[in-house]
There are 2 protein chains.
Amino acid sequence: MKPHVNFRSGVPVYLQIVQQVKAAAAGGALRPGEALPSVRALAEELRINRNTAARAYAELESEGVIETRQGAGCFLKANGVSPLKRAVRSDRLAAELDAVIVQAHHLQVGDDDLKSLLAARLEAFRERQQTRSAD
Amino acid sequence: MKPHVNFRSGVPVYLQIVQQVKAAAAGGALRPGEALPSVRALAEELRINRNTAARAYAELESEGVIETRQGAGCFLKANGVSPLKRAVRSDRLAAELDAVIVQAHHLQVGDDDLKSLLAARLEAFRERQQTRSAD
DNA sequence: CACAGTGTCCTATGACATTAGGACAGTCAA
DNA sequence: TTGACTGTCCTAATGTCATAGGACACTGTG
């Protein structure tokens with residue numbers, strides 16, 4: 001878990017942290033129950049304010065990704081069943097995919113290329129997962 | 001071209017317009033060379049300020065989607081060849097797809113389901129395109 | 001040319017998000 | 001209990017977004 005932030009990207013720093021923790025959790029770089037860096041430690045490493053780190057963790061807790069215990073720290077939650085219904089989950093993904101499709105159109109990437117690209121990224125993702133769970 | 005904006009979504013209004021114009025252009029609802037609503041007309045229809053509409057158009061021009069001619073109006077550009085190299089274009093899409101994959105993981109949507117979902121959205125997108133180009 | 005339409009630029013203002021520092025409260029081991 | 005750690009709350013500074021209105025330059029038509 002070694003996050004990095006880009007202050008000039010326009011994306012709020014706390015959201016960048018949220019994304020990276022989620023990616024680390026999904027990819028297996030973080031294990032369920034494992035402690036995350038404290039808000040102060042994370043803030044110092046990234047040279048940001050404590051509150052910015054705290055806000056990222058608060059957002060992660062509200063999304064059910066981590067659990068925070070005041071005075072103790074923040075810990076990655078076990079992958080419980082998503083509380084959202086299957087249809088709702090598909091809808092959310094569909095909206096994101098639609099945006100990608102529009103983007104692909106403007107970048108002039110064809111349907112088949114896009115499908116292949118997804119398959120390739122999925123494979124790379126699973127490979128990274130395997131690597132993490134091996135050590 | 002009948003955009004709509006959501007003031008409570010948190011997404012800046014001008015970016016919502018940008019996204020919708022891009023989607024309309026990709027989907028064929030707007031044809032190359034076609035004139036977009038004037039800054040003032042769009043502002044009045046959406047009940048937003050001229051400057052907000054102008055900002056959206058400025059952003060679209062900087063991305064090469066439209067062409068603005070002062071005194072004349074804004075027009076959809078012809079789908080020229082993307083100036084980016086194929087590898088760069090794939091990289092951009094890959095980054096977006098990776099984010100979708102992480103999201104799918106947290107929503108507990110499997111690889112095959114995700115692939116099917118992409119295929120379905122692509123099909124729906126092409127159907128909309130067909131409909132537009134028919135009238 | 002005149003004129004109505006177009007996009008552009010300027011300043012000011014208010015609302016909100018983001019970041020920041022200081023103070024406070026809970027946890028846990030020595 | 002003490003002390004060092006943890007997360008949390010409060011308030012302020014800064015930046016962004018949207019609004020508002022005025023003024024200007026350009027285009028196309030008559």
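Values reported hereafter were calculated over all heavy atoms of this structure, with side chains retained and with hydrogens, waters and symmetry mates removed. Below, chain A is the first sequence line, B the second, and so on; all start at residue 1.
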What are the two closest heavy atoms between B:Leu76 and B:Ala25, and how far apart are they?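 For B:Leu76 and B:Ala25, the tightest heavy-atom pair comes out as CD1-CB, 3.8 Å.
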Carboxylate-amine/guanidinium contact A:Lys22 A:Glu63, below 4.0 Å: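 A salt bridge is present here (some side-chain N lies under 4.0 Å from a carboxylate O).
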A:Asp113 bridged to B:Arg86 by N-O distance under 4.0 Å: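 Looking at A:Asp113 and B:Arg86, the cut-off is met.
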Does B:Ala26 offer a backbone N or O that forms a donor-acceptor pair with the side chain of B:Gln129 under 3.5 Å?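 A pair under 3.5 Å: yes.
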Do side-chain atoms of A:Thr52 reach the backbone of A:Ile48 as a donor and acceptor pair under 3.5 angstrom?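 No, because the side chain of A:Thr52 does not come within donor-acceptor range (under 3.5 Å) of the backbone of A:Ile48.
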Rounded to the nearest Å, what distance is computed from the [atom1] atom of residue [X] to the [atom2] atom of nucleotide [N]?
X       : N      : atom1 : atom2 : result
B:Glu67 : C:dT8  : CD    : P     : 12 Å
B:Leu60 : C:dT8  : CG    : P     : 12 Å
A:Glu59 : D:dG7  : CD    : P     : 17 Å
B:Ile66 : C:dT6  : CD1   : P     : 15 Å
A:Leu15 : C:dA17 : CG    : P     : 12 Å
A:Gln16 : C:dA17 : CD    : P     : 19 Å
B:Arg50 : D:dT19 : CZ    : P     : 12 Å
A:Leu42 : D:dT6  : CG    : P     : 11 Å

Looking across every strand, which nucleic acid part, if any, lies under 4.0 Å from B:Arg55 by heavy atom: base, sugar-phosphate, or nothing?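 Sugar-phosphate only.
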Categorize A:Ala72 for me: base, sugar-phosphate, or nothing, with a 4.0 angstrom heavy-atom threshold over every strand shown.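 Sugar-phosphate, no base atom in range.
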The side chain of [X] is closest to which nucleotide in this list: [options]?
X       : options               : result
B:Gln70 : D:dT8, D:dG21, D:dA25 : D:dA25
A:Asn51 : C:dG7, D:dG21, D:dC9  : D:dC9
A:Ile48 : C:dA20, C:dG7, C:dC10 : C:dA20

Nearest heavy atom decides the nucleotide; on that basis, is A:Val13 or B:Tyr57 closer to the 5' end of DNA chain C?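 Closer to the 5' end of DNA chain C: B:Tyr57.
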Along DNA chain C (nearest heavy atom to each residue), the more 5'-positioned of A:Arg69 and B:Thr68: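 Closer to the 5' end of DNA chain C: B:Thr68.
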Under 4.0 angstrom between B:Thr52 side-chain N/O and D:dA18 OP1 or OP2: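 Looking at the OP1 and OP2 atoms of D:dA18, neither is under 4.0 Å from any side-chain N or O of B:Thr52.
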Is the distance from OP1 or OP2 of C:dT18 to the nearest side-chain N or O of A:Tyr14 less than 4.0 Å?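 The answer is yes; a side-chain N or O of A:Tyr14 sits under 4.0 Å from OP1 or OP2.
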When the nearest nucleotide of DNA chain D is assigned to B:Asn49 and to B:Arg40 on a heavy-atom basis, which residue is associated with the more 5' position?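 Its nearest nucleotide being more 5', the pick is B:Asn49.
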